[in-house]
Amino acid sequence: MSKPNHLILLEQLKKGDEKTIHSIYVDNKNGFLLFANRYNLSSDDLLDVYQDSIVALCENAKKGTIDSLESSITTYLFSIGKYMIYKKLKSKNINISIDYDHHLPQVVEDEEEEQDEEEIKILRDNFKKLGEKCQKVLRLFYYEEKKLDAIQIELEYTNKDVLKSQKSRCLKQLKDLIKK
């Protein structure tokens, strides 16, 4: 019987395999940024949190603290990121309505894992329901982290205000789809 994929990835992370780290980083970045966008943090803060989450994942793998991880790497990574977001919000004195534990989880509880996986799936599924133009705008802004000026030129918008309105409508549409 072969090992589950996440256990193979954990072994490679323990060894500090750069290709594996890069692959995990790239494969999860877009989903994480969309997931984390619901929190009132800047794009720069969210990217910092994501990068810190990747570092924490690698460190936890090397220390062996997640050897018995039964969830996917994505679920665990998002859980780390979620706690780091809470920590950042708290440091900025932004109140959040959640019981906050000052320690990163060693192993996330099953209910939280299932909830996070479900949220990620809902986000991905609803993102695919958006029109092509909305997907492009949101992908360029959140995934590729392009500035509005660059997106305006690339997608040939008449001015930045029109693009801002489009981005806002697309984000609202995505949020509405998720709420259904």
Side-chain angles (χ1 to χ4, degrees), residues 1-128 138-146 174-175 178:
M1 188 164 126
S2 64
K3 289 184 180 181
N5 189 44
H6 73 277
L7 293 178
I8 295 168
L9 289 175
L10 280 176
E11 286 177 8
Q12 292 169 329
L13 284 174
K14 275 184 166 187
K15 296 174 186 172
D17 183 70
E18 292 293 326
K19 284 184 180 179
T20 301
I21 295 168
H22 179 75
S23 175
I24 291 170
Y25 183 92
V26 170
D27 290 348
N28 292 289
K29 181 180 177 188
N30 298 340
F32 181 84
L33 293 176
L34 272 175
F35 163 77
N37 189 50
R38 73 176 88 179
Y39 301 99
N40 293 325
L41 290 173
S42 71
S43 297
D44 289 340
D45 282 343
L46 293 178
L47 187 58
D48 287 345
V49 166
Y50 180 66
Q51 291 169 348
D52 290 345
S53 300
I54 290 287
V55 169
L57 170 68
C58 294
E59 288 174 354
N60 288 345
K62 285 180 183 177
K63 288 183 215 169
T65 56
I66 56 175
D67 284 349
S68 60
L69 183 68
E70 293 183 17
S71 69
S72 70
I73 296 289
T74 298
T75 300
Y76 186 73
L77 179 64
F78 277 44
S79 296
I80 292 170
K82 186 166 71 171
Y83 281 95
M84 287 186 173
I85 288 169
Y86 295 156
K87 187 175 180 181
K88 188 168 282 282
L89 289 171
K90 189 169 183 155
S91 74
K92 292 181 178 225
N93 291 323
I94 298 172
N95 290 330
I96 49 176
S97 58
I98 187 159
D99 292 332
Y100 175 71
D101 182 3
H102 293 283
H103 305 288
L104 288 177
Q106 292 298 318
V107 178
V108 182
E109 295 179 30
D110 288 342
E111 283 181 25
E112 273 187 17
E113 288 173 12
E114 289 173 13
Q115 181 182 358
D116 289 345
E117 283 180 8
E118 183 62 25
E119 287 176 359
I120 294 164
K121 183 183 180 324
I122 289 169
L123 179 65
R124 284 183 181 150
D125 291 346
N126 286 299
F127 184 78
K128 291 175 186 174
L138 294 177
R139 186 176 293 116
L140 290 170
F141 188 77
Y142 291 107
Y143 293 164
E144 298 181 24
E145 300 172 16
K146 291 190 175 187
L174 180 59
K175 287 178 181 179
I178 290 171

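Contact detail for Leu123 and Leu174: the closest heavy-atom pair is CD1-CD2, 4.1 Å. Closest of all the heavy-atom pairs between Phe141 and Lys146 is CD1-O, 3.6 Å. In terms of heavy atoms, Ser53 sits closest to Gly81 at OG-CA, 3.1 Å. Taking every heavy atom of both residues into account, Gly31 and Phe78 meet most closely at C-CZ, 3.5 Å. Heavy atoms only, all atoms of each residue included: Lys14 and Ala61 are closest at CG-O, 3.0 Å. A pairwise comparison of heavy atoms in Cys58 and Leu13 identifies SG-CD2, 4.0 Å as the closest pair.
Residues Asn60 and Ile80 are in side-chain contact: their nearest non-hydrogen atoms beyond the backbone lie under 4.5 Å apart. A heavy-atom distance below 4.5 Å is found between the side chains of Tyr76 and Ile66. With a 4.5 Å cut-off on side-chain heavy atoms, Tyr39 and Asp45 do not count as touching. At a threshold of 4.5 Å between non-hydrogen side-chain atoms, the residues Ile85 and Leu46 count as touching. Under the 4.5 Å side-chain criterion, counting only non-hydrogen atoms from C-beta, Thr20 is not in contact with Ile8.
No donor-acceptor distance shorter than 3.5 angstrom exists from the side chain of Ser23 to the backbone of Lys19, with no hydrogens or angles considered. Of the possible polar contacts, none joining the Tyr25 side chain to the Tyr50 backbone as a donor-acceptor pair under 3.5 Å is found.
To the nearest 0.5 Å, the span separating CD on Glu59 from OG1 on Thr65 amounts to 9.5 Å. The distance from the CG atom of Asp52 to the NZ atom of Lys87 is 9.0 Å, given to the nearest 0.5 Å. Atoms CG and CD1, on Asn28 and Ile73 in that order, are 9.0 Å from each other to the nearest 0.5 Å. If you take NE2 on His22 and CD1 on Ile54, they are separated by 11.0 Å, rounding to the nearest 0.5 Å. Atoms CZ and NZ, from Phe35 and Lys82 in turn, are 5.5 Å apart once rounded to the nearest 0.5 Å. Separation of atoms CG (Leu9) and CD1 (Ile24) is listed at 5.0 Å; rounding is to 0.5 Å.
Heavy-atom contacts from other residues, nucleotides or ligands closer than 6.0 Å to CZ of Arg124 number 12 or fewer.
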**OP:** With side-chain contact (heavy atoms from CB on, under 4.5 Å) as the test, would you mind laying out the steps for Leu77 and Phe32 before giving the verdict?
**Re:** CA-CA 9 Å; Leu77 179 64; Phe32 181 84; 5.6 Å; no
